[in-house]
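Following: one structure in structure tokens, then a few remarks.
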Amino acid sequence: MLIRSKIVKTLHGITEKKGWEIPLENIVVEQPPKIEMGDFATTLPLALARVLKRKPFDIAKEIAQEFSMEEISTVQPLPNGYINFFFSTAFLFTCFQSLLEEPKQYISSQEGAGKKVLVEFVSANPTGPLTVANGRSAPIGDTIANLLELQGYQCDREFFINDMGAKAQKLAASVFYYAMAELQHPVPPPDEMYPGDYVQTLACDYIQKEGDSLLALPREKAIELLKQFSLSTMISRMKEDLDDFHIHFQSWFPESSLHNGYIQDTFNRLKNQGVVEEKEGAYWFLTTKFGDEKDRVLIRSNGLATYLLGDIAYHRNKLERGYDFCVDVWGADQSHVNPLKWALHTLGFCEDQLKTVTFQLVHLFRNNQEVKMSKSGGNYITLRELLNEVGPDVSRFVYLSRSNEQHLNFDLDIAKNRDPKSPVFYAQYAYTRCKGICREAEAVNIDIPQKWEDVDLSLLKDPAELQVLRRFAIMPELLERACSSLAPHLVTQDIQILANDFHSFYENCRVIDIDQIERTKARLLLVISIEKLLSVLFSLIGIHAPERM
RNA sequence: GUGCCUGUAGCUUAAUGGAUAAAGCACCGGCCUCCGGAGCCGAAGAGUGGAGGUUCGAAUCCUCUCAGGCACGCCA
């Protein structure tokens with residue numbers, strides 16, 4: 001059990017014993033704003049003051065007297081009504097030892113044991129390349145999945161391929177136009193030409209592979225073949241991009257696989273629940289019943305399913321595959337969350353089974369100028385260009401440096417050229433320094449301890465050393481919070497503060513000192529632990545841990 | 001016009017309704033005879049766009065307002 005929940009329970013026990021009525025969930029235990037204020041604090045006396053009509057300080061003193069936990073050495077009631085808690089040295093050493101033995105297990109929990117989760121992200125339309133805008137979804141979804149796995153969930157990553165839409169059709173028609181022109185049999189251009197140079201390239205690639213075989217086919221058949229070719233080409237390119245971004249999906253789920261009656265069946269179920277009505281030749285989902293401003297079309301008057309119906313069917317399918325819940329990572333331009341939730345509710349699912357994470361747009365800056373992008377105008381920067389320019393580590397770190405709901409300003413000049421202003425170097429440098437210290441220790445023939453039994457931990461008593469130990473102790477709580485709030489950017493923050501603690505320790509405590517060999521060993525063990533913890537945290541956000549820089 | 005998101009130090013950003021709003025960058029002042037100075041320590045700098053309200057307590061919740069972004073198709 002996490003230490004914070006333990007403190008809450010202990011406090012609740014005291015209130016029960018005293019006959020003070022306060023629900024467990026109203027007991028606030030939080031990290032104080034400043035390190036001098038301890039490792040945890042509670043505002044319980046403030047909450048009780050009004051009910052009991054007593055001074056907060058008196059209540060605080062009374063609670064402090066009753067409070068006893070082996071992990072807590074000092075319980076400090078304060079005149080303003082707070083109670084501060086300080087970890088005991090024994091607890092700090094216990095955490096240190098667990099971290100050293102199994103770093104990943106140390107920061108994980110069994111919260112989600114036995115539960116299956118599907119994280120769906122990116123799912124970009126396969127009619128164009130991944131861009132820096134929809135690319136933001138990739139590290140967010142991947143890190144959320146990593147965090148869920150850390151909390152014990154069995155987690156799969158899935159990419160939904162929208163291969164049945166009008167956009168795919170439009171792309172195919174444009175490719176057809178270019179292909180026929182290339183084959184000296186020009187046809188009139190489609191009403192709407194798909195933008196982007198890659199469209200014409202697709203036509204040429206097809207001809208290179210298949211020759212002039214298109215000419216022998218009827219128009220519809222030719223367009224269909226070009227569609228298959230174009231989509232599979234774009235998808236394999238996206239796979240390559242994501243691969244270089246160190247992101248791997250367990251499954252790539254094509255919408256077409258639902259077009260075997262499953263979508264129709266989903267529609268019938270909704271209809272049977274009385275939330276569908278025929279109007280003007282189309283079938284509408286009566287979302288106004290749920291408070292929507294207007295109803296939504298499910299089946300168009302031409303008989304084709306809308307994107308919404310397809311997505312409803314897809315989510316039904318996901319939940320029927322046995323996942324306890326789904327996490328969807330969506331761009332802010334996706335606006336059908338509520339209709340989707342209402343539909344799932346109508347189909348008998350619980351609304352909590354769909355958790356959506358919305359992220360805002362990305363603004364790119366170069367030379368202090370915003371780089372304007374517009375996908376419909378065919379003017380955008382691809383994820384591939386970003387990867388080539390700044391590399392996957394910096395890209396992932398910057399993508400995760402703001403909360404999802406904030407617009408992200410991505411400064412290419414700072415990100416590239418290994419500019420030290422980029423926070424990723426601060427963190428990776430900490431890791432490199434750890435490695436450097438170990439190399440130095442070996443160079444002067446000091447045996448590097450591997451187990452805590454080999455050293456005298458009580459030699460670690462400098463404030464900077466204790467600060468690192470306290471950070472170790474709190475780390476599982478920080479990650480639990482990042483996971484439960486589906487906020488991957490908190491991990492980059494946790495990395496920053498740990499790196500900061502390490503750099504301070506490094507400046508204040510010289511590790512290698514041949515005149516104090518026992519203390520050197522204790523400090524080396526601390527360095528090794530930091531290195532291990534950083535390495536696990538880096539893997540959570542998918543960045544590399546460099547031995548040297 | 002309607003809906004959603006966002007306005008915090010010169011800049012980029014933190015802050016599960018709680019303590020004197022926290023960091024980094026830039027600026028200023030210190031720190032390498034010693035494990036990588038891509039670092040550390042210190043100083044200065046905001047009362048959270050504005051106005052009300054709820055609360056013992058608000059950057060956080062509510063109302064109004066100003067500013068920016070996105071979405072508002074029988075597109076996906």
Side-chain angles (χ1 to χ4, degrees), chain A residues 4 28-34 37 41-43 46-47 49-50 56 78 80-82 84 123-125 127 162 164-170 192 255 279-284 292-294 296-308 310-311 331-338 358-361 363 365 368 401-409 411 414 418-423 425-426 428-430 432-441 443-444 446 464 481 484-485 487 489-490 493 496-497 499-500 502-513 520 523-524 527 548-549:
Chain A
R4 194 167 73 100
V28 176
V29 172
E30 60 191 359
Q31 273 191 275
K34 287 185 182 167
M37 297 169 173
T42 185
T43 57
L46 288 165
R50 214 174 75 195
L78 292 162
N80 61 8
Y82 280 84
N84 292 343
S123 297
N125 213 306
T127 52
N162 201 304
M164 293 299 286
K167 281 190 176 158
Q169 205 59 38
K170 219 178 273 177
E192 244 182 290
E255 184 190 350
K279 279 185 284 188
E280 299 155 24
Y283 288 92
W284 299 70
D292 206 357
E293 57 188 35
K294 60 185 171 192
R296 311 282 165 170
V297 174
L298 291 175
I299 295 183
R300 303 195 286 258
S301 51
N302 64 8
L304 296 176
T306 59
Y307 176 74
L308 175 61
D311 218 30
D333 54 346
Q334 300 284 322
S335 54
H336 64 289
V337 186
N338 284 334
T358 307
F359 64 91
Q360 295 292 321
L361 283 189
H363 300 283
F365 287 82
N368 289 322
S401 60
R402 288 204 71 167
S403 88
N404 306 331
E405 300 200 332
Q406 296 262 359
H407 297 271
L408 177 75
N409 291 332
D411 190 322
I414 290 179
R418 317 215 104 200
D419 190 320
K421 282 180 206 163
S422 171
F425 296 113
Y426 183 82
Q428 289 183 319
Y429 180 52
T432 307
R433 265 188 157 172
C434 290
K435 286 290 183 190
I437 294 171
C438 292
R439 281 195 295 270
E440 178 65 21
V444 296
I446 293 175
R481 200 182 134 205
S484 61
S485 51
H489 77 285
L490 293 177
Q493 278 184 48
Q496 295 289 82
I497 60 173
N500 185 19
F502 166 71
H503 286 307
S504 284
F505 156 74
Y506 178 90
E507 298 290 338
N508 285 298
C509 306
R510 193 187 157 78
V511 176
I512 296 171
D513 182 348
T520 298
R523 287 183 171 173
L524 276 172
V527 169
R548 296 169 199 272
M549 288 169 74

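Each chain gets a letter, A, B and so on, in the order the sequences are listed, and its residues count up from 1.
- Nucleotides B/rU20 and B/rG1 place their C1' atoms 45 Å apart, quoted to the nearest Å.
- Not counting sequence neighbours, the partners of A/Pro32 by the side-chain contact (heavy atoms from CB on, under 4.5 Å) test are A/Met37, A/Ala41.
- Using the Watson-Crick or G-U wobble rule with both distances under 3.5 Å, B/rC70 pairs with B/rG3.
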Any protein N or O atoms within reach of nucleotides 27-36 of chain B? Criterion: under 3.5 Å, listing atom names and distances.
| residue | atom | partner | partner atom | Å |
| --- | --- | --- | --- | --- |
| B/rC34 | O2' | A/Arg510 | NH1 | 2.4 |
| B/rC34 | O2' | A/Arg510 | NH2 | 2.8 |
| B/rC35 | O4' | A/Arg510 | NH2 | 3.3 |
| B/rC35 | O2 | A/Ile512 | N | 3.1 |
| B/rC35 | N3 | A/Val511 | N | 3.0 |
| B/rC35 | N4 | A/Tyr506 | O | 2.6 |
| B/rC35 | N4 | A/Cys509 | O | 3.2 |
| B/rG36 | O2' | A/Tyr429 | OH | 2.2 |
| B/rG36 | O6 | A/Met549 | N | 3.1 |
| B/rG36 | N1 | A/Met549 | O | 3.4 |

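- Comparing B/rG24 with B/rU63, their C1' atoms are spaced 36 Å from each other, to the whole Å.
- Under a 3.5 Å cut-off, the side chain of A/Trp284 and the backbone N or O of A/Lys279 do form a donor-acceptor pair.
- Two residues are said to be in side-chain contact when any heavy atoms from C-beta on lie closer than 4.5 Å; A/Arg433 and A/Gln428 fail this criterion.
- Note on A/Pro32: a base of the nucleic acid sits closer than 4.0 angstrom, heavy atoms only.
- When rounded to the nearest whole Å, the span between CZ of A/Phe359 and P of B/rU6 equals 15 Å.
- Checked by atom type and distance alone, the side chain of A/Thr127 never pairs as donor or acceptor with a backbone atom of A/Ala168 at under 3.5 Å.
- Distance A/Arg402 CZ to B/rA14 C1': 10 Å, rounded to the nearest Å.
- For B/rG29, the paired nucleotide is B/rC41, the pair qualifying as Watson-Crick or G-U wobble because both relevant distances are below 3.5 Å.
- Within the 4.0 angstrom heavy-atom criterion, no nucleotide atom of any strand lies near A/Ala443.
- Nucleotides B/rC28 and B/rU33, compared at atom P, are 23 Å apart to the nearest Å.
- Remark: side-chain polar atoms of A/Arg4 are paired, donor with acceptor, to backbone N or O of A/Val29 under 3.5 angstrom.
- Put simply, A/Thr358 has no side-chain N or O that comes within less than 4.0 Å of OP1 or OP2 on B/rC5.
- Note: CD (A/Glu405) to C1' (B/rA15) measures 15 Å, nearest angstrom.
- In this structure, the CG atom of A/Asn404 is 11 Å from the P atom of B/rU6, given to the nearest Å.
- Comparing A/Ala499 and A/Thr42 along RNA chain B, the residue whose closest nucleotide (by nearest heavy atom) sits nearer the 5' end is A/Thr42.
- B/rU63 is paired with B/rA51 under the Watson-Crick or G-U wobble criterion, all donor-acceptor distances under 3.5 Å.
- Counting non-hydrogen atoms under 4.0 angstrom, A/Ile497 reaches nothing in the nucleic acid.
- With its glycosidic angle more than 90° from 0, B/rC31 is assigned anti.
- Within 4.0 Å of A/Leu490, counting heavy atoms only, lie sugar-phosphate atoms of the nucleic acid but no base atom.
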(message) What does the B/S/- profile of nucleotides 70-76 of chain B look like, 5' to 3', with a 4.0 Å heavy-atom cutoff to protein?
(response) SSSSBBB
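- No contact: A/Asp292 has no heavy atom under 4.0 Å from any strand.
- The separation of B/rC32 from B/rA38, taken at their C1' atoms, amounts to 15 Å, rounded to a whole angstrom.
- Between the CG atom of A/Asn338 and the P atom of B/rC4 there is a distance of 9 Å, given to the nearest Å.
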(message) Go through it in stages, so that I can follow the logic: the residues are A/His489 and A/Asn404, the test is side-chain hydrogen bond (donor to acceptor under 3.5 Å, both in side chains), and I'd like the CA-CA distance, side-chain angles, deciding distance and then a yes or no.
(response) CA-CA 8 Å; A/His489 77 285; A/Asn404 306 331; 5.3 Å; no
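- Using a 4.0 Å cut-off between charged nitrogen and carboxylate oxygen, A/Arg510 and A/Glu440 do not count as a salt-bridge pair.
- In this structure a side-chain-to-backbone donor-acceptor pair under 3.5 Å is missing from A/Thr358 to A/Ala332.
- Comparing B/rG17 with B/rA58, their P atoms are spaced 14 Å from each other, to the whole Å.
- Residue A/Asn500 is in sugar-phosphate contact alone, with no base atom involved, counting any heavy-atom pair closer than 4.0 Å across all strands shown.
- Base orientation of B/rG50: anti, since the glycosidic angle falls outside 90° of 0.
- B/rA19 makes up no base pair with any nucleotide shown, lacking Watson-Crick or G-U wobble contacts both under 3.5 Å.
- Separating the NZ atom of A/Lys34 from the C1' atom of B/rA22 is a distance of 10 Å, rounded to the nearest angstrom.
- Proximity of A/Tyr506 to A/Val527: side-chain heavy atoms (C-beta onward) are nowhere separated by under 4.5 Å.
- The base-pairing partner of B/rG24, taking Watson-Crick or G-U wobble contacts with both distances under 3.5 Å, is B/rC11.
- Only the P atoms considered, B/rA9 is 16 Å distant from B/rA23, to the nearest whole Å.
- Looking only at distances, a side-chain donor or acceptor of A/Arg402 sits under 3.5 Å from a matching main-chain atom of A/His407.
- Distance A/His489 NE2 to B/rA23 P: 17 Å, rounded to the nearest Å.
- A gap of 45 Å separates the C1' atoms of B/rG73 and B/rA21, to the nearest Å.
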(request) Given side-chain hydrogen bond (donor to acceptor under 3.5 Å, both in side chains), test A/Asn500 with A/Tyr426 step by step and report yes or no. (result) CA-CA 8 Å; A/Asn500 185 19; A/Tyr426 183 82; 3.2 Å; yes
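- An OP1 or OP2 oxygen of B/rU12 is reached within less than 4.0 angstrom by no side-chain nitrogen or oxygen of A/Gln406.
- Residues A/Ser301 and A/Glu280 have side chains not in contact (no heavy-atom distance under 4.5 Å, counting atoms from C-beta outward).
- Nucleotides B/rC64 and B/rU54 have their C1' atoms positioned 15 Å apart, rounded to a whole Å.
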